[in-house]
Amino acid sequence: MRYLQGYPPALLAQVQSLIDAGRLAQTVAQRHPEMHMVRSERALYDYVCELKARHMRSAPPLSKVAFDPKLHVLKNALGTHSAVSRVQGGQLKAKREIRIASLFKEAPADFLRMIVVHELAHLKEREHDKAFYALCEHMEPHYHQLEFDLRLWLTARELPAAPQ
């Protein structure tokens with residue numbers, strides 16, 4: 001259970017019992033049944049900008065938002081936020097980019113919102129500290145529960161398929 005490292009043993013035992021019963025994926029699906037319609041880069045950009053406009057009007061603008069098919073595999077990350085510096089004339093300009101792992105195209109809507117909130121919070125807070133998580137909770141009040149449920153969903157995706 002690589003996505004659940006650091007959680008208390010009692011909680012891990014509950015997860016293991018769901019795995020043993022073959023009900024982990026079903027349990028997560030029941031908690032988060034709603035799928036999203038964000039499938040294209042443009043739709044993702046609009047979705048992220050709408051959340052940013054609602055919660056972080058003063059944050060720097062985003063120049064690019066994209067699904068990245070290599071992100072989860074290569075960097076062991078689900079999303080990244082970066083500032084790409086470019087020279088324009090005599091000035092150095094920083095363009096902000098957010099990349100979301102492509103697996104979120106098929107994730108429940110709650111999980112896409114959670115990862116977008118996480119990456120948007122990095123526009124203001126670089127480190128994963130108290131201020132960062134307070135900002136995440138400001139944008140998504142159930143942030144920590146969604147993060148845990150996302151970890152359950154990722155764990156369920158990696159389980160071997162049940163024999164037919």
Side-chain angles (χ1 to χ4, degrees), residues 1-12 15 28 31-32 34-89 91-158:
M1 290 191 278
R2 68 182 179 137
Y3 298 109
L4 299 168
Q5 293 176 359
Y7 284 95
L11 189 58
L12 295 177
V15 173
V28 174
R31 291 181 70 150
H32 304 281
E34 185 183 333
M35 299 306 286
H36 61 80
M37 300 310 298
V38 179
R39 300 281 185 255
S40 69
E41 306 272 316
R42 183 67 206 181
L44 180 63
Y45 181 83
D46 292 343
Y47 180 77
V48 171
C49 287
E50 189 271 321
L51 273 173
K52 181 182 170 298
R54 188 179 324 150
H55 299 288
M56 301 179 69
R57 287 189 196 109
S58 63
L62 294 168
S63 63
K64 184 175 184 176
V65 178
F67 283 114
D68 189 337
K70 300 176 192 163
L71 196 58
H72 184 58
V73 176
L74 296 179
K75 294 190 177 182
N76 202 20
L78 301 173
T80 61
H81 161 261
S82 59
V84 178
S85 298
R86 295 184 176 99
V87 177
Q88 291 183 340
Q91 296 180 334
L92 189 62
K93 300 269 184 174
K95 299 211 176 216
R96 309 269 180 179
E97 295 182 358
I98 289 179
R99 295 186 178 275
I100 305 293
S102 291
L103 69 96
F104 283 99
K105 284 182 181 180
E106 59 210 49
D110 292 338
F111 300 159
L112 177 65
R113 188 175 63 253
M114 193 267 340
I115 198 68
V116 167
V117 161
H118 182 98
E119 296 310 326
L120 282 173
H122 279 303
L123 291 173
K124 290 202 172 200
E125 300 291 337
R126 304 289 277 164
E127 301 298 321
H128 293 114
D129 55 13
K130 255 185 170 176
F132 174 84
Y133 287 111
L135 183 54
C136 288
E137 285 185 323
H138 167 73
M139 290 188 279
E140 173 51 61
H142 305 290
Y143 176 82
H144 291 292
Q145 183 64 52
L146 289 175
E147 182 180 9
F148 178 73
D149 289 349
L150 171 63
R151 291 171 182 274
L152 293 177
W153 182 73
L154 291 168
T155 300
R157 284 176 51 99
E158 289 191 354

Assess whether atom NZ of Lys105 is packed by more than 12 heavy atoms of other residues, nucleotides or ligands within 6.0 Å.
yes
Heavy atoms of other groups near Arg126 CZ, more than 12 under 6.0 Å:
no
Contact between [X] and [Y] at the side-chain level, heavy atoms closer than 4.5 Å - yes or no?
| X | Y | result |
| --- | --- | --- |
| Leu51 | Leu120 | yes |
| Leu146 | Glu140 | yes |
| Tyr45 | Val38 | no |
| Phe104 | Leu150 | yes |
| Arg151 | Tyr7 | yes |
| Leu78 | Phe111 | no |
| Ile98 | Thr80 | no |

Among residues at least two apart in sequence or on other chains, which ones pass salt bridge (charged side-chain N to carboxylate O under 4.0 Å, His left out) with [X]?
| X | value |
| --- | --- |
| Glu97 | Arg86, Arg99 |
| Arg157 | Glu106 |
| Asp149 | Arg31 |

Holding to side-chain hydrogen bond (donor to acceptor under 3.5 Å, both in side chains), I want the full list of residues that pass it with Glu158, two or more places apart in sequence or in another chain.
Arg2, Tyr3
Is there a side chain to side chain contact (heavy atoms under 4.5 Å, CB included) between Leu103 and Leu154 once you walk through the steps?
CA-CA 10 Å; Leu103 69 96; Leu154 291 168; 4.0 Å; yes
Please report the closest heavy-atom contact between [X] and [Y], naming both atoms and the distance.
| X | Y | answer |
| --- | --- | --- |
| Ile100 | Leu71 | C-CD2, 4.0 Å |
| Phe67 | Ser102 | CB-OG, 3.8 Å |
| Thr155 | Met1 | CG2-CG, 4.4 Å |
| Ser63 | Lys95 | OG-CB, 3.3 Å |

Enter the distance from [X]:[atom1] to [Y]:[atom2] here, rounded to the nearest 0.5 Å.
| X | Y | atom1 | atom2 | answer |
| --- | --- | --- | --- | --- |
| Leu62 | Lys64 | CG | NZ | 12.5 Å |
| Leu112 | His36 | CG | NE2 | 4.5 Å |
| Asp110 | Trp153 | CG | CH2 | 12.0 Å |

Show me the donor-acceptor pairs, under 3.5 Å and distance only, between side chains in residues 52-59 and residues at least two apart or in other chains.
{"residue": "Lys52", "atom": "NZ", "partner": "Ala59", "partner atom": "O", "Å": "3.2"}
{"residue": "Arg54", "atom": "NE", "partner": "Glu50", "partner atom": "OE2", "Å": "3.2"}
{"residue": "Arg54", "atom": "NH2", "partner": "Glu50", "partner atom": "OE1", "Å": "2.9"}
{"residue": "Arg54", "atom": "NH2", "partner": "Glu50", "partner atom": "OE2", "Å": "2.4"}
{"residue": "Arg57", "atom": "NE", "partner": "Ala53", "partner atom": "O", "Å": "3.3"}
{"residue": "Ser58", "atom": "OG", "partner": "Lys124", "partner atom": "NZ", "Å": "3.1"}

Residues two or more places apart in sequence or in another chain: which of them pass side chain to side chain contact (heavy atoms under 4.5 Å, CB included) with His128?
His118, His122, Phe132, Tyr133
